S.K.: 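So that we are looking at the same thing, I have put the structure below in structure tokens.
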Amino acid sequence: MPSSHEEMWEKLNLDIDAHAGLLEVLGKFYGDIYMSQQGRLRGMEYLDFVLSEVHGLRIKELQDAKVSGRKVIGTFCVFVPEEIVLAAGGIQIGLCAGAEVGKGEAEKVLPRNTCALIKSFVGFKLARLCPFIESCDLIVGETTCDGKKKAYEIFSDYSPIYVMEIPQMKNFSDRELWRSEILRFKTQVEETTGNKITADNLKEAIHLLNNRRRVLQRLNRLRAAVPVPISGRDALLINQISFYDDPERFTAKIGELCDELEERVKNGTGIAPEGTTRLMLSGCPMAVPNWKLPYIIESSGAVVVGEESCIGTRNTRDLVDESAGTIEGMIDAILDRYMKIDCACFTPNTERQENIVGMARDVGVKGVIHYALSFCQPYTMEAYKVEKALAKAGIPMLAIETDYSMEDVEQLKTRVEAFVEMVR
Amino acid sequence: MIPQQNESVVGIDIGSRSIELVVLDSGGPVRQVKVPTTFDPLGQCRKLMEWTGGMRVVATGYGRKLFAESFRLEKVSAITEIQAYALGTRYLHPEAKIVLDIGGQDTKVISLSDTGKVVKFEMNDRCAAGTGKFLEFMATALQVPLEEFGGFALGSDRRVQISSMCTVFAESEATSLMARGERPENIAMGLHAAIVQRTAAMLRRVGISTPLVFAGGVAHNLCVRQLLEEELRQPVIVPENPDMVGALGAALYGRNLDRSET
Amino acid sequence: MKLEILKHFEDIGERFLLDISELDGTDTKVAGIYCLFAPTELVRAAGAIPVSLCGKREKPIADAEETLPPNLCPLIKSSYGYAVTNTCPFFAESDFLIGETTCDGKKKMYEFLGRIKPLHLMHLPYSTTEPHAISFWRDEILRLGRFLEESTGQKIDRDHLRFQIRIHNRIRKLLERIARFQAAEHAPLSGLTMMTVMESKSFFVYPEKYLDMLGEFIAEMESVAASGFSPFEPDAPRVLLTGCPLGKGSEKVLRIIEESGGAVVCMENCTGVKGLDLLVDEEEKDPFLALARRYLQIPCSCTTPNIGRINLLDRLISQYRIDAVVDLTWHCCHTYNIESRVVGDFVEGREVPFLHVETNYSTSDVEQLRTRIEAFLEMAGCRSNVRFANSRLN
Ligand code: SF4
Ligand code: SF4
Ligand code: SF4
């Protein structure tokens, strides 16, 4: 990354040395895991570029946008309705983190047995490593899981945070609770951005974000072809980047990439030799640069053809109905769409099991790898039920619990390989 | 020297503590060797491989990849220990439904279908709790040779409760028990019981069925065997050479490959 | 000193089972509950008898772990273990269960529990101070009411509910008075004994009889207190125990503190005084709203931010003249674990020594805990002497 950004990072009060270290690790990691792949799509060059400039040009863009009066709003969860932010002219950025670097700092204020994702974003804040966090005008938390809910209290010692209450169930009253939370959020966003949300700008925002979801849905359909035209790692990266990039540009670029994919599918070109075992991932989100498990899977004679996760289909499966003309109608539509999210924080959340089984059948996999971050109770508890549901459908499942560290890579390899041998 | 036979295949299981090698010809295993892993596993393998020239080799165990990459022989492949133990067990005890393998570094439970296919497996997570390493560590702490540790424990007159499975905490528990004048045999028994309990929990998660075959190095330990039978209330089958099962399975895999190629 | 009447508290579980067995054949229903958030007034108003099913022993945990992941709080595993193995007589007596979405672990555990017995899950809002919270929680209480009416076949009559509210308020007041005895310079009961007394609140069939028992106990305690008796050494550091709930079977940390010379004069947790100072407004015309308001104030770490706990601790530290605070977290209880930092900052800000302990129900770390706690009390003991000297100087 050109050092011309250094001035900007300094202004954002990043720890310049530690940040340089982070970029180096990220670069090396990316080289090993991504650039070593054979037969990648041309369209991936855009993603390579975005990732290489994720702390550079993209931050510059945000800074420029801020100068022109736009506001940046950071989130940690796919429940925060981006439509609202976009309608008010704001820019929404996902702040979930997938690196271990800030762990030491985080463990000074958080228990060691907190999930890696939480430790990572708290660590990023404390170690002053994340230019996105530092660019935010508003940071939004939510009461999804215990760990996040309470970690925001600690986080708020360092940076103000607005917390949304997410319902835990899906009864009638939960809808009403969620509606009142969306309206409260709308007021907050209007205040932060200084812009009123109108039927027009909301309609436009809904349409734009639906288009982003549509293009990702298209990607998901195409990647499931036989032979597999794109690696799971690349598809995951695309999903990850969708949380950082400008939605309009992203949608256009991924559209082009999908055209290329379509071409491949037509020609029957694949990236993995025939007979490579098709698997699906399901569970906790994998934030940049958490590519550990997909990499292990794809170097064990298998290829990932789908991710049932928040950085995956959980975020793209459902669209907001676009037929409403009034703000109330649109809020209703948003409400409906977000209440469909099948996060394990809900109870009983049986629809997740159905969705996983359905998806495994649709994309045609030999098995499912359930991925949970260590100490994540919602997902580790559901693993048991998901396994039962899949078994009923005759699909084997392997439950993996891990974190961001590399010390268990060998162990994981043995497990994954044995699973591949078993389902082949 | 083994006569060079076309059908001969070699299975090698490179574990954290020891390396086992099995040579198989059409009649069955004709040679079984076991050497310690040491700090130079590849050197040890090289020695073992000297007289296997030309034969197909299948590696398993945590060193399988290293092996396959270092010995770029024409006919080298690698499979996981899970697969290897499943195949080896099936050969020795075709009726087996579940395999328990407690090795140096990890514990595995493998459930087999009627045709001997792996249908489900579990492995301990990253720490050494409940594995051979744990026993080894504790034997050293109690100053008993590892081979005698099981017999030593069977000399207990009561079973003290050791609740920690973490090697470090268990040692401090053992030390504080000793400080209170507890007989070392009883402490050893407590440690064995703790392992068995943990193992039984893992077995239950996979689903216990009979017959159960207990393999891996720790299967030599009489006390673990006995306690396991008590805990599960069912007999436990231990193969004659329990630590050879992985290497045998690897060799069997190689033989199948040979057959499918010709 | 051993009070005769303590026997009644020690035997309260058996008493409960006996009283219940006498009701066999009637259509009285027993409601198993797991948490302070369950509005017991409402349960009684529907003619059912609430009983606590919170697991406090290590024994059933191994069986629970066949289904539940290892990284889970022992209370949840123990509770579930009792249920799957059907080894808890109170569980066996329960006709149905009431759960709440307090923490992730319990919330998801109820999904499994619901397969064993009919379970009604209450949805607890986490941001209790936001405007939506009260009406939402009131709706949840009404929803529970409908479930209870269906399960017991008995209509909830508002007047009867008001009557139950008054009774429960009286129980809370008496328990609070009992706890307060310990605020005296010579605390008349050990923390362990007080725990036994306090635990009785979840195990009675007849509220009136229970009130009588508490009244009698207070009368006896008054004379003990007047005699100046205390089981503790005069210079024992006065400890406040806060954090996750504990009880008979999981009193490990409490026991170690007292064996190490500390005097646990107050427990700010669900087994202790938490919630005793929160009464339901008897004047409020809408009893459901009154219930909703009271229950939402319970300062549990599951809510965010949990200012109520800090306020309560602040008051207790002064009231009980606390020299040291021990914060107990059950292994993998994220909410108490993370909140411990907030609590620690506050307690240390008041210049009271603070110790955070994370453990589970097993005995494996007893010796280690003992060392830590002894060292902590040594430290706290010195400090309290210093403070005492200072206060005399002032
Ligand atoms: S897994 Fe749940 S809590 Fe995490 S981002 Fe997704 S919806 Fe939010
Ligand atoms: S992975 Fe689990 S524990 Fe971690 S933030 Fe997401 S829901 Fe919470
Ligand atoms: S102690 Fe913590 S984790 Fe356990 S049930 Fe209570 S709130 Fe949940």
Side-chain angles (χ1 to χ4, degrees), chain A residues 108-115 118 122 141-157 163-174 176-181 183-184 344-350 372 374-385 388 399 401, chain C residues 66-73 76 99-112 114-115 119 121-133 135-140 142-143 301-307 329 331-342 345 356 358:
Chain A
K108 286 186 195 155
V109 296
L110 288 176
R112 282 186 41 227
N113 48 12
T114 306
C115 103
I118 298 174
V122 172
E142 21 41 61
T143 62
T144 39
C145 65
D146 287 347
K148 280 211 258 176
K149 175 173 73 183
K150 298 307 273 188
Y152 295 137
E153 294 176 15
I154 308 282
F155 194 87
S156 70
D157 287 349
V163 178
M164 289 185 89
E165 169 134 19
I166 310 287
Q168 313 288 307
M169 295 171 78
K170 290 180 178 170
N171 297 323
F172 176 74
S173 54
D174 302 295
E176 291 314 301
L177 181 149
W178 186 224
R179 181 199 306 280
S180 74
E181 279 299 273
L183 292 175
R184 190 168 68 93
C345 292
F346 280 97
T347 184
N349 203 32
T350 36
S374 306
F375 311 114
C376 168
Q377 291 168 357
Y379 282 94
T380 47
M381 298 274 261
E382 279 203 355
Y384 182 89
K385 302 174 104 180
K388 288 265 164 332
E401 219 187 299
Chain C
E66 274 174 46
T67 312
L68 304 180
N71 286 323
L72 201 63
C73 121
I76 299 176
E100 310 74 21
T101 59
T102 43
C103 62
D104 286 343
K106 270 210 258 175
K107 175 174 73 188
K108 300 305 273 186
M109 183 269 280
Y110 291 136
E111 294 174 11
F112 295 101
R115 300 171 178 180
L119 181 135
L121 190 63
M122 295 183 83
H123 181 176
L124 180 73
Y126 294 148
S127 314
T128 51
T129 48
E130 292 303 335
H132 63 253
S135 64
F136 180 80
W137 185 234
R138 181 180 173 276
D139 283 346
E140 280 299 290
L142 286 173
R143 202 165 62 87
S301 66
C302 296
T303 63
T304 183
N306 187 17
I307 315 287
T329 299
H331 185 60
C332 279
C333 166
H334 296 325
T335 59
Y336 276 102
N337 209 359
I338 298 176
E339 193 165 286
S340 182
R341 187 183 158 79
V342 180
D345 283 351
H356 179 220
E358 188 185 348

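Owing to the predicted nature of the structure, the values given are computational and were not obtained by experimental measurement. Computed from heavy atoms alone, side chains included, the values below leave out hydrogens, waters and symmetry copies.
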S.K.: Measure distances from P125(C) to the heavy atoms of chain A and classify the residue's part below 4.5 Å as side chain, backbone, both or neither.
M.R.: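 Contact with chain A involves both backbone and side-chain atoms of P125(C).
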
S.K.: Look at N113(A), D157(A), T143(A), I166(A) and state which one has the largest set of heavy-atom pairs under 4.5 Å with chain C.
M.R.: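 Option with the greatest count: N113(A).
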
S.K.: Are any of the side-chain heavy atoms of P111(A) and I338(C) separated by less than 4.5 Å?
M.R.: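 Yes; the side chains approach each other to less than 4.5 Å.
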
S.K.: Side chain from CB out, backbone as N, CA, C, O: work out which of these in Y110(C) comes under 4.5 Å of a heavy atom of chain A, or both, or neither.
M.R.: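 Contact with chain A involves no heavy atom of Y110(C) at all.
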
S.K.: Only pairs of heavy atoms separated by less than 4.5 Å count here; which of D345(C), T67(C), L124(C) has the most with chain A?
M.R.: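 Among the listed options, the one with the most contacts to chain A is T67(C).
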
S.K.: Step by step, would you call I76(C) with C103(C) a side chain to side chain contact (heavy atoms under 4.5 Å, CB included)?
M.R.: CA-CA 10 Å; I76(C) 299 176; C103(C) 62; 4.1 Å; yes

S.K.: Should the pair K388(A) and Y384(A) be classed as cation-pi, given the thresholds of under 6.0 Å to the six-membered ring centre and 45° from the axis?
M.R.: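 Output yes; distance and angle both within limits.
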
S.K.: Out of P348(A), S180(A), A383(A), return the one with the most heavy atom pairs under 4.5 angstrom to chain C.
M.R.: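 Greatest number of close heavy-atom pairs with chain C: P348(A).
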
S.K.: I'd like to know if the side chain of H123(C) pairs up with that of D174(A) as donor and acceptor (distance under 3.5 Å, no hydrogens or angles considered).
M.R.: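 Indeed, the side chains of H123(C) and D174(A) share at least one donor-acceptor pair under 3.5 Å.
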
S.K.: Heavy atoms only, distances under 4.5 angstrom: which of H331(C), E140(C), R143(C) has the most pairs with chain A? Name it, please.
M.R.: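 Among H331(C), E140(C), R143(C), the one with the most close pairs to chain A is R143(C).
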
S.K.: Between the side chains of T102(C) and E100(C), is a donor N or O closer than 3.5 angstrom to an acceptor N or O?
M.R.: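 On atom types as modelled, these side chains do not qualify, holding no pair under 3.5 Å.
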
S.K.: Test salt bridge (Lys or Arg N to Asp or Glu O under 4.0 Å) on R184(A) and E130(C); report intermediate values, then the result.
M.R.: CA-CA 10 Å; R184(A) 190 168 68 93; E130(C) 292 303 335; 3.5 Å; yes

S.K.: Where on T329(C) is there a heavy atom nearer than 4.5 Å to chain A: the side chain, the backbone, both, or neither?
M.R.: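 Neither part; nothing is under 4.5 Å.
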
S.K.: What part of N171(A) gets closer than 4.5 Å to chain C, counting heavy atoms only: side chain, backbone, both or neither?
M.R.: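 Side chain only.
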
S.K.: With a 4.5 angstrom heavy-atom cut-off, which part of S135(C) approaches chain A: side chain, backbone, both or neither?
M.R.: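 Neither the backbone nor the side chain of S135(C) comes within 4.5 Å of chain A.
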
S.K.: Is F136(C) in contact with chain A via its backbone, its side chain, both, or neither, using a 4.5 Å heavy-atom distance?
M.R.: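 Interface part for F136(C): side chain.
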
S.K.: If I measure from the heavy atoms of chain C, does E181(A) come under 4.5 Å with its side chain, its backbone, both, or neither?
M.R.: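 Only the side chain of E181(A) comes within 4.5 Å of chain C.
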
S.K.: Can you see whether F346(A) has K107(C) sitting over its ring - NZ or CZ less than 6.0 Å from the centre and within 45° of the normal?
M.R.: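 No cation-pi geometry.
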
S.K.: I need the residue from L121(C), N306(C), L68(C) with the largest number of non-hydrogen atom pairs under 4.5 Å to chain A.
M.R.: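 When all of L121(C), N306(C), L68(C) are compared, L121(C) has the most.
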
S.K.: Check whether Q168(A) gets within reach of chain C through its side chain, its backbone, both or neither, counting any heavy atom under 4.5 Å.
M.R.: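 Both backbone and side chain.
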
S.K.: How long is the gap from CG on N337(C) to CG on L110(A), to the nearest 0.5 Å?
M.R.: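 One gets 9.0 Å once the value is rounded to the nearest 0.5 Å.
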
S.K.: What is the distance from atom NZ of K148(A) to atom OG1 of T304(C), rounded to the nearest 0.5 Å?
M.R.: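 Going from the NZ atom of K148(A) to the OG1 atom of T304(C) covers 13.0 Å.
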
